[in-house]
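Just below is one structure, and these are the notes that go with it.
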Number of protein chains: 2
Amino acid sequence: MPRPTKQSPERGDARTRLLKAARDVIRRKGFAATSVDDLCQSAGVTKGAFFHHFKTKDALGVAAANFWAETTSALFASAPYHEPDDPLDRVLAYLDFRKGIIGGETFEYTCLVGTMTQEVHDSAPAIRDACAASIFGHAATLEADIKAACKQRNIAADWTAESLARHTQAVLQGGFILAKATGDPDLARESVDHLIRYVRGLFGVEPDTSEASYKERST
Amino acid sequence: MPRPTKQSPERGDARTRLLKAARDVIRRKGFAATSVDDLCQSAGVTKGAFFHHFKTKDALGVAAANFWAETTSALFASAPYHEPDDPLDRVLAYLDFRKGIIGGETFEYTCLVGTMTQEVHDSAPAIRDACAASIFGHAATLEADIKAACKQRNIAADWTAESLARHTQAVLQGGFILAKATGDPDLARESVDHLIRYVRGLFGVEPDTSEASYKERST
DNA sequence: GATTACATACCAACTGTATGGTATGTGTAG
DNA sequence: CTACACATACCATACAGTTGGTATGTAATC
C-alpha cells in the first residue's frame, strides 16, 4: 500500500479529499448509490486519482470506515466529557455530548459506519468488518467509565458494562434512522433523552434538572 | 412456466411475488444494490411484468413499504401480546414479543422500512415518506397502552407516551444495525433487554424474574 | 350466441446511458 | 532516471426503462 506523501502536508492530497468526500456523500446518498464519479467530482479529482489510491470502490469503503474510526476517536478523545471526577458523571456527560452534536443537516450528524453497515452487511464483508470495528471500538471506550461507576456506587447489576456501552450505540443508531425518516434531528435527541433517563435510573440518580449541557446548538 | 391466468379473486400474482421478493432481497442487499433484474429473477417473472405493475423502480419501493406496513400490522394485530388486562403488561409483552421474533438469518428479522429509510432519505422522498408512515404508524399502536399504563399507575411523567413509543422503535432499529455489523441477533435482543429494564424502571416495577416469555427461541 | 371492442396481465427483445474499472500518458520530486 | 501522483481517454458491462406483441377475460352490441 503506497503511503500518502507526508512531504507535502499543506496540500490537500487526493486521497484525503476522496475520504472526506466519501464521508459526506455516502452519508447523504448511501454507499451503493454513490458512484465513483460522484466521489471524484465532489473531491475535485479525476478517476485516475481515485484508482491510483484505491484498488476498487469497496477498498475505498474500507478506507472510509477506517478514516471515520480515526477521526471520530480523535474527536471523542479530545472532547470535554472526560473531565468530571465521578465516573458516572463522565458517562452522563458523554451522552449529553452526543446529544449536543446532533443537529443541522442529516448528513452532518449521522454515522457513516452505521449507514454503510446497513447496506453492505451481507455483500461486502470487508467493509462490514471495518464498520463493526469502528462501532464496537468506540463503544469499548465507554466500558471503563461504566465499570468504575458500578464499582463506586456498589451496583450489583444483572447487565454488563459491555452490553450497556453497546446499547448506547444502538440507541444512537436507531435515533438516526428516525431522524432520517422525518428529517428532524429532534427525534434522535429524544431517544438520547430516554437513554440518559435509563442510565440515571440504573445508578439510582434522581432526574437532574441542572441542565449543564456541554454543547448548545439550536440550528 | 404455466401462466397464472386467474385474476378474479386476487389481483396480480406477479405483483405480490415481486413485493415479497423485494421484502427479502432488499433486506439482504439494500435498495440501491438490488436491481430490477434481481427482483424479477427472485420473483420468477420477467421485466415486462415488473414494469407493467410498477411504473419505476422507486414506485416499487413505495409499494414495498406499503406492503410491509400492511403485512406487519396484520401480524402485530393478531399477536398475543394484547391479551393481558394490565396495560403495562401489554407494553412489556409487546417488547417480549419483539425480542422473541429476533432470530435466524439477518434478512428474516430486520426491518425493511428501516433499511430503506437509511438509504433513500435524501434522494427518494416518496419512499422515505412511505417508510416513515410504516414506522410511526406502528409506533402509534403502542401509545394507547402506554398512556393507559401511566394513568393506572399514576405516573407523572416528564416524557410523553408518543416519545416512548418512538424510542422503542429507535432501540429496535439500532439493535438491528449492531446485529448486522456482527451477524449476531443476540446484539439486537440485548438492546431490547435494556429497553425492557428501562420501561420497568419508568413504571416502578421491580426486575421480574418469572420469565414468562411469549415466544421461546434458541436459534 | 356470435361479434366487436376494450382491458388486463404478462413476455422477449431491445436501447441509451451510467457504471466500475483499465491502459497509457505526463509532470515533478528526489 | 526513476518512482510516484496524478490526468486523459477509453472499454465492457449492467442498468433502468421501452417497445411491440400475445393470451385471456369482460361486457356491451347486433
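So that the names make sense, note that chain A is the first sequence line, chain B the second, and so on, each numbered from 1. Nothing here was measured: the structure is a model prediction, and the numbers come from that model.
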Polar contact flag, side-chain donor to acceptor under 3.5 angstrom, B:Thr106-A:His121:
no
Closest-nucleotide mapping onto DNA chain C: is A:Thr34 or A:Gly48 further toward the 5' terminus? I mean the 5' end.
A:Thr34
Could you state the NZ-P distance from B:Lys55 to D:dG17, rounded to the nearest angstrom?
10 Å
Does anything in residues 159-176 of chain A pair up under salt bridge (Lys or Arg N to Asp or Glu O under 4.0 Å), and if so which pairs, sequence neighbours excluded?
A:Glu162-A:Arg166, A:Arg166-B:Glu190
Using a 4.0 Å heavy-atom cut-off across all strands, classify A:Thr46 as base, sugar-phosphate, or nothing.
base
Does A:His52 make a side-chain N or O approach to OP1 or OP2 of D:dC6 shorter than 4.0 Å?
no
Provide, to the nearest angstrom, the distance between the CZ atom belonging to B:Phe31 and the C1' atom belonging to D:dC15.
13 Å
Is there a side-chain contact between A:His53 and the phosphate of D:dC6, meaning an N or O under 4.0 Å from OP1 or OP2?
yes
Among C:dG21, C:dC11, D:dC15, the one nearest B:Ser35 by side-chain distance:
D:dC15
Give the rounded distance in Å between these two atoms: CG of B:Leu18 and C1' of C:dC10.
11 Å
Using whole Å, what does the distance between atom C1' of nucleotide C:dC11 and atom NZ of B:Lys47 come to?
13 Å
Distance check needed: D:dC4 C1' versus A:Asp13 CG, whole Å only.
13 Å
Tell me if the centroids of the rings in B:Tyr198 and B:His167 come within less than 6.0 Å of each other.
yes
Distance in angstrom units between B:Gln41 CD and C:dC11 C1', rounded:
16 Å
Side chain of A:Phe51 only, heavy atoms from C-beta on: which candidate in C:dG21, C:dC11, D:dG17 is closest?
C:dG21
Rounded to the nearest 0.5 Å, what separates atom CG in B:Leu112 from atom CZ in B:Phe31?
10.0 Å
Measure CG/A:Asp38 against P/C:dA18 and give the value in whole Å, please.
12 Å
Atom CZ of A:Phe50 and atom P of C:dT19: how far apart are they, to the nearest Å?
13 Å
